[in-house]
Protein chains: 2
Amino acid sequence: MGPTQEDVAKRARVSRALVSLVMRDSPNVSEQRRRRVLRAAEELGYRPNAFARSLASKRLHTIGVLINDVTNPYFGGVYSSLATAAEAAGFDLLVAPGTRSADKEAALVRTLLEHRVAGLALLSPLMTTKELRSLTSSWPTVLIGRDAALPGVDVVTTDELQAARLVLGHLTELGHRHIVHVTGGANRSARDRASGYRTAMRELGLESRELPGAFSHEAGQVAAREILTMAPRPTAVVAANDLVAVGAMGVFESHGLRVPDDLSVVGYDDSQIARLDLVQLTSVCQGVDHFGSAAVRLLLRRIDDPETSRAVERIETTLVVRRTTCPPRSSSVVA
Amino acid sequence: MGPTQEDVAKRARVSRALVSLVMRDSPNVSEQRRRRVLRAAEELGYRPNAFARSLASKRLHTIGVLINDVTNPYFGGVYSSLATAAEAAGFDLLVAPGTRSADKEAALVRTLLEHRVAGLALLSPLMTTKELRSLTSSWPTVLIGRDAALPGVDVVTTDELQAARLVLGHLTELGHRHIVHVTGGANRSARDRASGYRTAMRELGLESRELPGAFSHEAGQVAAREILTMAPRPTAVVAANDLVAVGAMGVFESHGLRVPDDLSVVGYDDSQIARLDLVQLTSVCQGVDHFGSAAVRLLLRRIDDPETSRAVERIETTLVVRRTTCPPRSSSVVA
DNA sequence: GCTACTGATTAGAGCGCGCTAATCGGGTAC
DNA sequence: GTACCCGATTAGCGCGCTCTAATCAGTAGC
């Protein structure tokens, strides 16, 4: 099983306790001893045992992360920023790979808890708020990409209303009035996004119209066919994410409609797909890079003081305008 | 820190040892006691402490996974299959988030080893073979998506030669003769892919031609511009992956060339992007689903017997023909 | 000389659990 | 009743480490 502090101590002819002090970078160790210990450790190829360490210290250096769907690059981005922030704070990450099924999530979180993670970061969990409450009631938890009114659970999420204002501001400025939203489904994140759309439309004095969907390419296709039957046809589509947007665009084009000339399309995520030369989708950039640092900050705060009041951090978005939006065809811009 | 077996034992009025037996599903526990213990555990909300458990048992249930680039959905797919297989075998995964930089990788692997993982699964590591050797020399390790001739290190990878034969077989059958390859760069995986292309071309009696690239959209664009200057212009392009393919396609189209009519394009990964309605890229599907089970199988074998001889498992690929390949324009199919 | 004090080192008690070996209790055989 | 056995239960050590408290050496002060 590899050498232990005991072995290192023996080789360096010092006590085991001293080895422990050196490993923990204690200041009160003479330079002479420190060097002797480090050399012995080096020679033996000693590696600290993270288990024994956390067992003894009870101060864990691991944050448990639940990812709802690993194959979704959006989560990859969030995770990546989380990893950077966690590393900077001296934490490891233990990841539970989600499978897009709500019931498995509970088991995954349980596994994380068995590893006595210092805190939980849950990326867009699908489980119900009730389950969430029972699982996280006694652990520092931060929700990412999903809101939930749970006491003691911090939240980092996109500012959906601000995002919607950004999108609709852009579209109305171009002259659009008839703008539909293809939703991401019945889950909480999707509902928040739809709600942002609805509010922003109302603020603009426009009538909102939603088509139920999902965060998938297929959902975009289905919704697009629906849109084609609408009369009068909307002049702009706000899709729940890029995948949906691109799915819809495919259908539009195969029906002889040109994007953006006949129909403007906006997505969310500013994903790789949106950036493709072939696509150049106007998309909402959710500032995913800020998610990680915000989440880690909130988590550390709560680990430090579990009783601190609930914080909700809404990350501002930006709109990346590309080539799928332009003024509507037969309509001049109305001031 | 939550209740321990001690607490459960006290509540159930039995010994701590019995609680331990119940938790490990020992057969020699009376049904009566078992129920009493389980009920007490339930009431207290007891969760086993994974650290203490592995400290005591020395049999770890965790596999360490190094992912080279989390934001790449290809790795998401591999990871996902790995997760499924690991779970089926009763293992947890501890993930180290790669950052596409070779020197950080070593530190990440070290972290994994500190967690005394039972084995390592490295997804397309970028580090040199030398580093790889020194890090993995004494731990069960499986390399995924990259080959390396290291004793005691198993490998699961795409069968690049078979894949190249598949692609080139398809293209030559359509009538193509002048087929170039945009590589993924100087890393090992890319070189293996290029090597497969070269060999398969030679087998077909064709002259190979490679353009240096990277696994990115931009690299595809750069290569495409290069291709446009070639005379005679190739009739087909085999890109290192889908991203490269799509990058190239964008440039082709913006130069008035139509895919596939003027130029056939094939990618690798059969990614979400390839499947988009707007893209419909013919692509090599690398059977990523099989990676995980193969890797876990090899790893368990080696954990069981570290001295077992090195195994290299090459996963067969399939070609998903979509709409970016067709017979070359001004050339009839030659028998 | 003795005490007081400072900084370096060590002894030793756990952390929560697994596991071996010892013990217990209640049949069965005679 | 005694001897024996076998399944059920428990005592207690050790995993590799952290951390408090104790010890040790060395210096200063008087």
Side-chain angles (χ1 to χ4, degrees), chain A residues 1-38 40-41 44-62 90 92 110-118, chain B residues 1-38 40-41 44-62 90 92 110-118:
Chain A
M1 263 317 273
T4 70
Q5 289 191 345
E6 188 79 44
D7 303 322
V8 176
K10 215 169 289 172
R11 182 172 189 110
R13 302 182 169 285
V14 298
S15 70
R16 199 181 45 68
L18 186 64
V19 178
S20 173
L21 286 178
V22 172
M23 291 307 155
R24 281 177 289 147
D25 279 327
S26 163
N28 3 319
V29 175
S30 67
E31 194 54 34
Q32 179 201 15
R33 299 288 199 177
R34 154 168 284 124
R35 263 208 277 275
R36 218 160 89 194
V37 168
L38 287 179
L44 290 174
Y46 168 78
R47 292 191 185 305
N49 182 325
F51 293 157
R53 169 175 291 184
S54 10
L55 221 211
S57 73
K58 319 192 83 179
R59 287 180 41 228
L60 302 212
H61 324 76
T62 307
D92 294 332
R110 255 186 284 276
T111 303
L112 291 177
L113 294 183
E114 286 184 11
H115 280 84
R116 294 294 187 275
V117 290
Chain B
M1 267 311 277
T4 69
Q5 289 193 345
E6 189 78 45
D7 302 323
V8 176
K10 216 169 289 171
R11 182 172 189 109
R13 303 182 170 285
V14 298
S15 70
R16 196 186 52 72
L18 187 65
V19 178
S20 173
L21 287 177
V22 171
M23 291 307 155
R24 282 177 287 146
D25 280 327
S26 163
N28 0 319
V29 175
S30 67
E31 193 53 33
Q32 180 201 13
R33 299 287 196 170
R34 153 168 282 123
R35 263 208 277 274
R36 220 160 86 193
V37 168
L38 288 179
L44 290 175
Y46 167 79
R47 295 193 183 301
N49 181 326
F51 294 155
R53 168 174 291 182
S54 10
L55 222 211
S57 73
K58 320 194 81 178
R59 288 182 41 229
L60 303 210
H61 324 75
T62 307
D92 294 332
R110 257 187 283 276
T111 302
L112 291 177
L113 294 183
E114 285 183 13
H115 280 83
R116 295 292 188 275
V117 290

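In what follows, chains carry the letters A, B, and so on, assigned in the order in which the sequence lines appear, proteins first and then strands, with residues in each chain numbered from 1. Keep in mind that the numbers below use all heavy atoms, side chains included, and drop hydrogens, waters and symmetry copies.
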(Q) In this structure, how many angstroms lie between the P atom of D:dG16 and the NZ atom of A:Lys10, rounded? (A) 11 Å
Q | Length of the line joining B:Glu6:CD and D:dT10:P, which is rounded to integer Å | A | 12 Å
Q | Interatomic distance, B:Phe51 atom CZ to A:Arg53 atom CZ [nearest 0.5 angstrom] | A | 11.5 Å
Q) Below 4.5 Å, heavy atoms only, C-beta onward: do B:Asp92 and A:Glu114 meet side chain to side chain? A) no
Q) Nearest-Å distance, CZ (B:Arg36) to C1' (D:dT9)? A) 12 Å
N/O donor to acceptor pairs below 3.5 angstrom from side-chain atoms of residues 14-21 of chain A, sequence neighbours left out:
{"residue": "A:Ser15", "atom": "OG", "partner": "A:Leu18", "partner atom": "N", "Å": "3.3"}
{"residue": "A:Ser20", "atom": "OG", "partner": "A:Arg24", "partner atom": "NE", "Å": "3.1"}
{"residue": "A:Ser20", "atom": "OG", "partner": "A:Arg24", "partner atom": "NH2", "Å": "2.8"}

Q) If the sugar-phosphate is the primed atoms plus P, OP1 and OP2 and the base is the rest, what is the B/S/- string for nucleotides 21-27 of chain C, using protein heavy atoms under 4.0 Å? A) -------
Q.
Between P on C:dC17 and CG on A:Leu55, what's the gap in Å once rounded to a whole number?
A. 9 Å
Q: Could you list the residues that satisfy side-chain contact (heavy atoms from CB on, under 4.5 Å) with A:Ala56, not counting sequence neighbours?
A: none
Q: With sequence neighbours excluded, tell me which residues meet side-chain contact (heavy atoms from CB on, under 4.5 Å) with B:Glu31.
A: B:Arg34, B:Arg35
Grab the N/O contacts between the protein and nucleotides 9-13 of chain C below 3.5 Å, and write none if there aren't any.
{"residue": "C:dT9", "atom": "OP1", "partner": "A:Ser30", "partner atom": "OG", "Å": "3.2"}
{"residue": "C:dT9", "atom": "OP1", "partner": "A:Arg33", "partner atom": "NE", "Å": "2.7"}
{"residue": "C:dT9", "atom": "OP2", "partner": "A:Ser30", "partner atom": "N", "Å": "3.1"}
{"residue": "C:dT9", "atom": "OP2", "partner": "A:Ser30", "partner atom": "OG", "Å": "3.3"}
{"residue": "C:dT10", "atom": "OP2", "partner": "A:Ser15", "partner atom": "N", "Å": "3.0"}
{"residue": "C:dT10", "atom": "OP2", "partner": "A:Ser15", "partner atom": "OG", "Å": "2.8"}
{"residue": "C:dT10", "atom": "O5'", "partner": "A:Ser15", "partner atom": "OG", "Å": "3.3"}

Q: Identify whether any heavy atom of A:Gln5 sits under 4.0 Å from a base atom; if not, whether one sits that close to sugar-phosphate; answer base, sugar-phosphate or nothing.
A: base
Q.
Holding to side-chain contact (heavy atoms from CB on, under 4.5 Å), I want the full list of residues that pass it with B:Leu44, two or more places apart in sequence or in another chain.
A. B:Pro3, B:Asp7, B:Val8, B:Arg11
Q. OP1 or OP2 of D:dT18 sitting under 4.0 Å from any side-chain N/O of A:Ser20?
A. yes
Q: Find the distance B:Met23:CE to C:dG18:C1' and express it as a whole number of Å.
A: 13 Å
Q. Taking atom P of C:dC17 as reference, at what distance in whole Å does atom CZ of B:Arg53 sit?
A. 8 Å
(Q) Tell me the interatomic distance from B:Arg24, atom CZ, to D:dT9, atom C1', rounded to whole angstroms. (A) 13 Å
Q: Kindly compute the distance separating OG (A:Ser54) from CG (A:Asn49), expressed to the nearest 0.5 Å.
A: 8.0 Å
Q: Please round to the nearest 0.5 Å and tell me the distance separating atom OG1 of A:Thr4 and atom NZ of A:Lys10.
A: 7.5 Å
Q. To the side chain of A:Asn49, which of D:dG16, C:dC19, C:dG16 is closest?
A. D:dG16
Q) What is the minimum heavy-atom distance between B:Gln5 and B:Met23, and which atoms define it? A) NE2-CG, 3.8 Å
